[in-house]
Number of protein chains: 2
Amino acid sequence: MKYIEKLRKSGLRPTKQRLQICEVLFDTERTFHFTINDLVKKINEKLNHKISLATVYNTVHAFEKKGYLKQIPINSNQTYFDTNISDHHHFYDLKEEKLIDLENSDVGPINIFKKIDGKKIKSVEVLVKLED
Amino acid sequence: MKYIEKLRKSGLRPTKQRLQICEVLFDTERTFHFTINDLVKKINEKLNHKISLATVYNTVHAFEKKGYLKQIPINSNQTYFDTNISDHHHFYDLKEEKLIDLENSDVGPINIFKKIDGKKIKSVEVLVKLED
DNA sequence: TTACTACTTTATAATGATTCTAAAAAGGTG
DNA sequence: CACCTTTTTAGAATCATTATAAAGTAGTAA
């Protein structure tokens with residue numbers, strides 16, 4: 001399994017559940033956005049048994065902390081995650097309530113002129129809301 | 001009262017509760033960020049009686065819909081609102097869990113090159129995460 | 001003023017995502 | 001295998017937010 005090493009390197013034990021979740025998240029052509037609820041559905045479709053909801057939460061948070069997933073800052077009752085961890089931004093279609101990737105080349109360079117003493121910029125995220 | 005007209009113009013009846021919430025939100029030198037919980041505390045400090053939690057939620061949502069408040073897109077268990085409705089962005093200090101305004105002049109122009117058929121850009125919001 | 005209607009407030013219950021708990025299971029190492 | 005630590009798990013708990021439905025209030029027109 002290609003994910004065993006990846007997990008070990010991060011200090012995460014490659015358990016059955018984590019490996020299966022890796023397959024659902026990362027064995028795809030395209031990256032995608034998901035909520036925990038979406039992910040549980042995907043897992044149930046792919047596997048013939050369930051992974052405990054608590055484990056899904058634990059795993060997603062562990063993966064996020066290790067940088068394998070990104071949270072998307074958006075106001076919603078559910079938290080959205082992204083398997084695309086490259087530096088990029090999002091459209092949010094307000095009507096369809098759907099996120100669309102904005103590749104880095106779709107957005108001009110962003111310059112932040114203000115500085116806060118003792119703080120470093122960790123990330124810059126742009127959310128472009130769309131209406132009809 | 002200066003808010004009576006404002007509310008009437010928006011099609012919102014100027015009720016006692018709405019006017020009092022207006023005073024807490026808009027009778028200030030500076031704009032500020034808040035959660036519903038923060039707002040309830042401010043109301044309780046300023047007034048000697050309480051406004052029902054449901055009313056605070058209703059009012060904040062009504063004001064947001066009318067454009068007197070903006071939601072700040074950020075991942076948090078609580079929803080953050082901003083009394084600064086001008087076009088501007090935010091720093092988010094991850095350690096302190098605090099939002100800091102980025103005035104428009106603090107951020108260079110943002111160019112979005114991608115277009116989605118039939119959709120218009122409603123807003124462009126930048127969240128700059130800070131770490132130590 | 002009064003009567004009427006629509007809108008608003010309110011306490012409380014319901015919802016639903018997320019987190020917590022603590023016991024059972026599994027991974028890693030000697 | 002034996003041991004210890006990490007992980008999984010079901011279920012309970014938490015907590016922000018929304019829904020409900022009854023009582024109150026604003027606006028209006030006679």
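Any value given below was found using the heavy atoms of this structure, including those in side chains, with hydrogens, waters and symmetry copies removed. What you are looking at is a predicted structure, and each value in this text was computed from that prediction instead of being measured.
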In whole angstroms, the gap separating P of D:dT6 from CZ of A:R18 amounts to 11 Å
A:L7 CG to D:dT8 P, in whole Å, measures 10 Å
B:L19 atom CG is separated from D:dA26 atom P, nearest whole Å, by 10 Å
Between B:I51 and B:R13, whichever has its closest DNA chain C nucleotide further toward 5' is B:R13
Does the side chain of B:S105 come under 3.5 Å of the side chain of B:E103 through a donor N or O and an acceptor N or O?
no
note: B:R8, atom CZ; D:dT28, atom C1'; distance rounded to Å ~ 12 Å
B:T35 and B:N37: side-chain donor and acceptor closer than 3.5 Å?
no
CG (B:L25) and OG1 (B:T83) are apart, to the nearest 0.5 Å, by 7.0 Å
A:L12 atom CG is separated from C:dA26 atom C1', nearest whole Å, by 15 Å
Any side-chain N or O of A:S52 less than 4.0 Å from the OP1 or OP2 oxygen of D:dT8?
-> no
note: A:K16, atom NZ; C:dA24, atom C1'; distance rounded to Å ~ 14 Å
- [ ] Please determine, by modelled atom types, if B:H88 and B:D82 share a side-chain donor-acceptor pair under 3.5 angstrom.
- [x] yes
Whole-Å distance, B:K41 NZ to D:dA16 C1', equals 14 Å
Residues pairing under ring pair (Phe, Tyr, Trp, His ring centres under 6.0 Å) where one sits in residues 48-84 of chain A, two or more places apart or in two chains, turn out to be A:F34-A:F81
Using a cut-off of under 3.5 Å, enumerate the N/O to N/O pairs linking the protein to nucleotides 17-20 of chain C.
unit_1, atom_1, unit_2, atom_2, d
C:dT18, OP1, A:T79, N, 2.9
C:dT18, OP1, A:T79, OG1, 2.7
C:dT18, OP2, A:Y57, OH, 2.7
C:dT18, O5', A:Y57, OH, 3.3

Rounded to whole Å, the NE2-C1' distance (A:H49 to D:dT8) equals 13 Å
Worksheet item: Would you say D:dT9 has OP1 or OP2 under 4.0 Å from some side-chain N or O of A:Q17?
Response: yes
- Task: Look at the side-chain N and O atoms of B:K50 and state whether any lies under 4.0 Å from the OP1 or OP2 oxygen of C:dT10.
- Result: no
Can you find a heavy atom in the side chain of A:V60 that is under 4.5 Å from one in the side chain of A:L69? yes
- Classify the nucleic acid contact of B:T15 as base, sugar-phosphate or nothing, counting any heavy atom under 4.0 Å across all strands shown. sugar-phosphate
Review point. Less than 4.0 Å between a side-chain N and a carboxylate O, is that true for B:K98 and B:D93?
Key: no
